[in-house]
Amino acid sequence: MMETFDLRVKQLLDGDLSLADLPPELRAEGEEALRLIAAVDRTPVKLTPAFDARVMAAVRQQAKSPARRVWRWLAAPREVELRLRVRPWAVWGGALAAAAALALLLSRPPAPAPSAFRNVAFVRFVLYAPGASRVAVAGTFNQWDQTAAPLVPAGTNGVWTTTLALPVGQHQYAFVVDGRRWIADPAAPAVDDGFGRRNSVVAVTARGGRIL
Amino acid sequence: MKAIWLAIAIAAGGPPLHGLVAQDVAARLDGRVPPNVARAVQGIAQDAQARGLPIEPLIQKAIEGGAKGVPADRVIAAVQVLAARLDQARSALRDAGIQQPTPEALESGAYGLSAGLSAGQVRDLGRVSRPPYDPALTLRVAATLAALGVPPERGLQLMEHMIKSGRGPNDLLDLPSEVQVGMARGATAAEAAEGLDAARGGHEEQGKHDQHGEHGEEGGATRKP
């Protein structure tokens, strides 16, 4: 393979130069290049009539499709001449209306979240209960059902956790350890439950869950 | 279908509504509490409904007692106490000039009474809770502060200072969290509330109100830099 290639040989192959235009020292190289190019088989590829017929049938079918014809009609560029006779105030009025519409569009508040998500917030419950075999959270949000919201161990260090979607409002709750011990959340405010124990309180607002 | 029957009952008025309340309570408590508790709670709920009190907290209290395995007589007693607190909250809010307190305000008032607020304090807070402040919200904040351990009078003082200095409702909502932050740093609940009040210029506001009278400087008050 040649390491270097004189640009004039390429120009010869491109037809920009003739062999006579080349300097004597390049002519042998030019002749060799022309010989190699000529040796390449340039015979056109012959397709079988059956293949040709199949391709043409597919093309004709595409061309016959009404949808494609309509699309072609719609998409084909054509010259359109518009002649508008407007008064200057109409131009300014239109521009102002467009600007007002744009301003209105930009100043609109973002679309509110779907109501199903607007009225709930995700609240994470965490309890440190080493040695517990199961922990659940029960409260006004799940009819005090101690099987409805089990916590899962977060690792092996006795921390149990779960995240619940709670509706907006104030909720009282307690943790149930091993199905029998009701424990108030040490991280939340608590009130007397009327039965000699304490209930924790969490409030869910539109801004999310909070201790209030 | 249930809503239609409820509407018809409301249109008819009187006893049918009571019957529906009893049915609703019975359905909610079925299988959750012993039958004698369900019957007693139905009666308490009917009475509460007749006095315009919300019955959902009563049902919840009964369900809670059943879930916790509390003896029947104590469940009934707890529901009666809660009904009495709702009634007490309604009276206090009416004394504050709120003739038709919302169910949420009544529940918050009862929550406040459970947390240690007196009926007088519920009334006082109702008086200062004029728009944009919602009595349900202010009472809930005060109750939560009390539940955190802030002495009720200290919590009320802090809230009244904030309301009078024109702080928004959202600032009130943040108070319990801010008290908890102070407690996490080693302060008692009372000290944390005291610190918040001082940081917000509460003492200055107090002095100003002492000079100008109780309702002299609503909103726009300046605070210490």
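Letters A, B, ... mirror the listed sequences (proteins, then strands); counts begin at 1.
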Notebook entry, point to check: Between R28(B) and Q143(A), is a side chain to side chain contact (heavy atoms under 4.5 Å, CB included) present by the stated rule, with each step listed?
Noted result: CA-CA 10 Å; R28(B) 295 280 305 280; Q143(A) 306 293 305; 3.5 Å; yes
Applying a strict 4.5 Å limit to non-hydrogen atoms, the region of V70(B) in contact with chain A is side chain
### Task
Step by step, work out the side chain to side chain contact (heavy atoms under 4.5 Å, CB included) result for N199(A) and K68(B).
CA-CA 12 Å; N199(A) 281 341; K68(B) 290 181 174 176; 2.7 Å; yes
Taken to the nearest 0.5 Å, the spacing of E64(B) CD from Y173(A) OH works out to 13.5 Å
Review point. Just wondering, do R32(B) and W144(A) contact through their side chains at under 4.5 Å, heavy atoms?
Key: no
Okay, D193(A) and chain B: the region with an atom under 4.5 Å from a heavy atom over there is both
Notebook entry, point to check: How about T144(B) and P189(A): do any of their side-chain heavy atoms sit closer than 4.5 Å?
Noted result: yes
If you tally heavy-atom pairs under 4.5 Å between each of G65(B), S114(B), A115(B), P57(B) and chain A, the highest tally belongs to G65(B)
* Kindly say whether Y111(B) contributes a backbone atom to a donor-acceptor pair with the side chain of Q170(A) at under 3.5 angstrom? => no
Bottom line for R197(A): the part with an atom under 4.5 Å from chain B's heavy atoms is side chain
### Query
Would you say Q100(B) has more than 12 foreign heavy atoms packed within less than 6.0 Å of its CD?
no
